[in-house]
Participant: 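The following block contains the structure, expressed as structure tokens.
Please read these numbers as outputs of a predicted model, since none were measured by experiment. In listed order, ligands and their atoms are each counted from 1. Position 1 is the first residue of the sequence, and the numbers go up from there.
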Amino acid sequence: MTDKLIIFDTTLRDGEQSPGASMTRDEKLRIARQLERLKVDVIEAGFAASSNGDFEAVKAIADVIKDSTVCSLARANDRDIARAAEALKGARSSRIHTFIATSALHMEKKLRMTPDQVFEQARLAVRFARNLTGDVEFSPEDGYRSDVDFLCRVLEAVIAEGATTINVPDTVGYAVPELYGNFIRHLRERVPNSDKAIWSVHCHNDLGMAVANSLAGVKIGGARQIECTINGLGERAGNCSLEEVVMALRTRRDYFGLTLGIETSQIVPASRLVSQTTGFVVQPNKAVVGANAFAHASGIHQDGVLKARDTYEIMRAEDVGWSANKIVLGKLSGRNAFRQRLQELGIEMASESEVNAAFARFKDLADRKSDIFDEDILALVMDESVTADQEHFRLVALSQRSETGERPQASVTFAAGNVEHQAQSDGNGPVDASLKAIESKVQSGAEMLLYSVNAITSGSTESQGEVTVRLQHGGRVVNGVGADPDIVVASAKAYLAALNKLHSKLERVAAQG
Ligand code: KIV
Ligand code: ZN
């Protein structure tokens, strides 16, 4: 059996199913480019048949990514599969990932299909997909809770139809490591043609065991593909986290004995990009990518690390892409230096006018903040007002007054399309007053589910504040992110960014729907 392990990243598909994490085509493209730099083997770019927006995103990614296989999810029907194939047409290497639920619960209650109907549909879907491409993955959704005899029957049939990868999802995060590992091994031993396919694990994190289960699927079960997401992004408690599983396999190569193609120094940049794009903040004590992952606070630890690093460190921070905050640019930096830094950060702007808009924002920021770090530049290009994404609402100006013992007041000027509005309000604090002022004009009626502030670069109040606002309206949940040295301004930007997402009519079908 090969010792090469395939890393299949599904941040842009399963990760995106997390409420509020939906991304625009350009945001997905930016993340796909970073995943390519990270050298993931497969990028699941989306679910092409779910919406026109997702189709366009899969297509755009397929057209530009050269070093990773680009994949689209498709339900087990001809329309979805044809749509996936169409979106993937421009890819150098492509995969269709088709799925249908196989657990009794899902078949009976959700699909309202008999096992024989599911069996037939799975078989025909793989046959149809194999006529369109040579690389077909099949997933029995809720596979881990499926009847094992029925599952073996389905898997044998889809391999016979030409499925090249068999993925076994623990869709609801119910598995425990030893049992999941044995389950994969049992399937591989029982399905007669199992050696004709690569076996894959796909674990959700509802009980906090997605990484452990995936590793057991590999070690005990003999799987050779892991499906995972950056920062463990995903519905509910998320998916198996790429950074954790990759670093476990690399750090404990002595135990797992597997080869990975991942460029680990790109892990932290990928984590930051996904967090800044989606507004899903990384907890400080998160393994590998959390701000504290390599920080030693206790005197005993600091002393030990200074004497010999490996007393308390099993990985090197620089190996996963942590670098000390570097001052990269300042007020006097010119357009060429800015453009070069964008290139070094792997940021490609679609047009010269986007570079100009970003440079103008950079100058504006450099006037107010003496040192500009990589994180500031990333936040700046993430700002919707310098990207080509259709933004309807845009902040023009904001002033606010707060004083001990007085109720804060805010006055906000913002554009909605071509019309400029001015609004005033008071509030419990200056942020509350500013957002109420905006809402008094927009009247979105959206409910705020989350408001959070983080320092973009740690360690100092000179940092820009990065604000995430999560809004819910009409069954949709969206996140808006805004950054500025002034957190009231950052909050107004985040609120308008979230309103922009609500404003863009993005319909999609949930994969597990
Ligand atoms: O969790 C799951 O079952 C999935 C499938 C669509 C692969 O994401
Ligand atoms: Zn999933």
Participant: Non-hydrogen atoms of His97 versus ligand 1: any pair closer than 4.0 Å?
Facilitator: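 Judged by the 4.0 Å heavy-atom criterion, His97 does count as contacting ligand 1.
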
Participant: May I ask you to list the atoms of ligand 1 that are less than 4.0 angstrom from any heavy atom of Ser139?
Facilitator: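 Contacts of ligand 1 toward Ser139, numbered from 1: 7 (C).
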
Participant: Distance check below 2.8 Å: does Glu227 bring an N, O or S atom to the Zn ion (ligand 2)?
Facilitator: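 False for Glu227.
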
Participant: Could you list the residues that satisfy ring-ring contact (aromatic ring centres under 6.0 Å, His included) with Phe280, not counting sequence neighbours?
Facilitator: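 With neighbours one apart ignored, the set is empty.
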
Participant: Quick one: the NE2 of His202, the Zn ion (ligand 2), NE2 of His204 angle, rounded to 10°, please.
Facilitator: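 Result: 100°, to 10°.
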
Participant: Determine which of the N, O or S atoms in Asp14 is closest to the Zn ion (ligand 2) and give its atom name.
Facilitator: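 Going by distance to the Zn ion (ligand 2), the closest N, O or S atom in Asp14 is OD2.
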
Participant: Please report the shortest heavy-atom distance between Thr229 and Thr11, naming the atom on each side.
Facilitator: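 Nearest heavy atoms, Thr229 then Thr11: CA-OG1, 3.4 Å.
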
Participant: Closer than 4.0 Å to some heavy atom of Thr171 - which atoms of ligand 1 meet that?
Facilitator: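 By the 4.0 Å cutoff, the relevant atoms are 1 (O), 2 (C), 3 (O).
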
Participant: Going by atom types alone, do Gln464 and Glu466 pair a side-chain donor with an acceptor below 3.5 Å?
Facilitator: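 Per modelled atom types, Gln464 and Glu466 side chains form no pair under 3.5 Å.
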
Participant: Using distance alone, with no hydrogens and no angle criterion, decide if Thr264 and Arg250 have a side-chain donor and acceptor under 3.5 Å apart.
Facilitator: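 Short answer, yes.
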
Participant: For His202, take its heavy atoms, then give the atoms of ligand 1 lying under 4.0 Å from any of them.
Facilitator: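 Atoms satisfying the 4.0 Å criterion: 1 (O), 2 (C), 4 (C), 8 (O).
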
Participant: Does one side chain, of Ser241 or Lys286, offer a donor that lies under 3.5 Å from an acceptor on the other?
Facilitator: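 The answer is yes; a qualifying pair exists.
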
Participant: Would you check the N or O atoms of Asn167, main chain and side chain alike, for any that come under 3.5 Å of an N or O of ligand 1?
Facilitator: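 No, Asn167 has no N/O under 3.5 Å of an N/O on ligand 1.
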
Participant: Please list, in number order, the atoms of ligand 1 under 4.0 Å from a heavy atom of Pro169.
Facilitator: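 Atoms satisfying the 4.0 Å criterion: 2 (C), 3 (O).
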
Participant: Going by the rule salt bridge (charged side-chain N to carboxylate O under 4.0 Å, His left out), which residues pair with Lys39 if we only count those two or more places apart in sequence or in a different chain?
Facilitator: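 Once residues adjacent in sequence are excluded, Lys39 has no partner under the salt bridge (charged side-chain N to carboxylate O under 4.0 Å, His left out) criterion.
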
Participant: Go through ligand 1 atom by atom and flag the ones less than 4.0 Å from a non-hydrogen atom of Asp14.
Facilitator: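 Counting atoms of ligand 1 from 1, those under 4.0 Å from Asp14 are 8 (O).
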
Participant: Between Asp254 and Arg252, is there a side-chain N and carboxylate O pair less than 4.0 Å apart?
Facilitator: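 Result for this pair is yes, salt bridge flagged.
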
Participant: Mark up the atoms of ligand 1 that fall under 4.0 Å of a heavy atom belonging to Glu141, in ascending order.
Facilitator: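 In order of numbering, the contacting atoms are 3 (O).
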
Participant: Please work out which of the three classes, parallel, tilted or perpendicular, describes the rings of Tyr144 and Tyr174, given edges at 30° and 60°.
Facilitator: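 Tyr174 vs Tyr144 ring planes: tilted.
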
Participant: Show the atoms of ligand 1 that are less than 4.0 angstrom away from any heavy atom in His204.
Facilitator: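 So the answer, numbered in order with elements, is 1 (O).
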
Participant: Does at least one non-hydrogen atom of Arg13 fall below 4.0 angstrom from an atom of ligand 1?
Facilitator: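 It does, in that a heavy atom of Arg13 comes within the 4.0 Å cut-off of ligand 1.
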
Participant: Do Glu36 and Arg33 sit within salt-bridge range, that is, some charged N less than 4.0 Å from a carboxylate O?
Facilitator: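 No.
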
Participant: Kindly identify the option in Phe138, Tyr144, Phe99 whose heavy atom sits closest to atom 6 (C) of ligand 1.
Facilitator: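 Comparing heavy atoms across Phe138, Tyr144, Phe99, the nearest one to atom 6 (C) of ligand 1 lies in Phe99.
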
